[in-house]
*Asks:* 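First the structure, then my questions, so here it is.
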Amino acid sequence: MEQTKEQNQQQAGKIRFQTEDGTYEELFVLEQTKLNGINYLLVTDSEEEEAECYIFKETSEAEGTEAVYEPVEDETELNSLLAIFEQLLDDVEFIS
């Protein structure tokens, strides 16, 4: 999923991603963090109470104008990030 870094900064709270098939999807940013020099986003597809959440990590090149995010798939990495995001958002509970 890609978007310009400028768009990412201008649209605080909501991000428009381009998926691999070229379609666009808007997601709400719940929180972001940086771990070991990598930016991570906790996003949701809805602002409703029981929405689906996803964690993406930035994989873009520093020189590029496009911010590239990929879903976190490694279970160990994902569990570590869930613990961090739960601490950052003390009123949120993640259910697997």
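Along the sequence shown, residues carry numbers from 1.
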*Asks:* Side chains of Asn79 and Leu82, heavy atoms from C-beta outward: is any pair under 4.5 Å?
*Replies:* yes
*Asks:* Looking at Lys57 and Tyr40, what are the two nearest heavy atoms and their distance?
*Replies:* CB-CE2, 3.3 Å
*Asks:* Taking all heavy atoms of Thr19 and all of Glu25, pick out the closest pair and write down the distance.
*Replies:* CG2-OE1, 4.1 Å
*Asks:* For Lys34 and Asn39, which heavy atoms make the closest approach, and how far apart are they?
*Replies:* CE-OD1, 3.4 Å
*Asks:* Is the distance between the ring centroids of Phe56 and Phe17 under 6.0 Å?
*Replies:* yes
*Asks:* Would the number of heavy atoms belonging to other residues, nucleotides or ligands and lying under 6.0 Å from CG of Asn36 be above 12?
*Replies:* no
*Asks:* Got a second to check how far Glu26's CD is from Arg16's CZ, nearest 0.5 Å?
*Replies:* 6.5 Å
*Asks:* Rounded to the nearest 0.5 Å, how far does OG1 of Thr59 lie from CD of Glu70?
*Replies:* 4.0 Å
*Asks:* For the OH atom of Tyr24 and the CD atom of Gln18, what is their distance to the nearest 0.5 Å?
*Replies:* 3.5 Å
*Asks:* If the condition is side chain to side chain donor-acceptor pair (under 3.5 Å), which residues does Thr76 pass it with, not counting sequence neighbours?
*Replies:* none
*Asks:* Using the test side chain to side chain donor-acceptor pair (under 3.5 Å), find all partners of Asp45 that sit at least two apart in sequence or belong to another chain.
*Replies:* none
*Asks:* Locate the shortest heavy-atom distance separating Gln32 from Leu88; write the atom from each residue and the value.
*Replies:* O-CD1, 4.4 Å
*Asks:* When clusters are formed by joining ILVMFWY residues with side-chain heavy atoms under 4.5 Å apart, either directly or through shared neighbours, do Ile38 and Leu78 land in the same one?
*Replies:* yes
*Asks:* Start with the C-alpha distance between Leu81 and Leu42, add both sets of side-chain angles, then the distance that settles side chain to side chain contact (heavy atoms under 4.5 Å, CB included), and finish with yes or no.
*Replies:* CA-CA 9 Å; Leu81 289 163; Leu42 174 65; over 6 Å; no
*Asks:* So do Leu27 and Thr44 actually touch side chain to side chain, heavy atoms under 4.5 Å?
*Replies:* no
*Asks:* Under 4.5 Å between any side-chain heavy atoms of Cys53 and Leu30, yes or no?
*Replies:* yes
*Asks:* What are the two closest non-hydrogen atoms of Leu41 and Phe85, and how far apart are they?
*Replies:* C-CZ, 4.2 Å
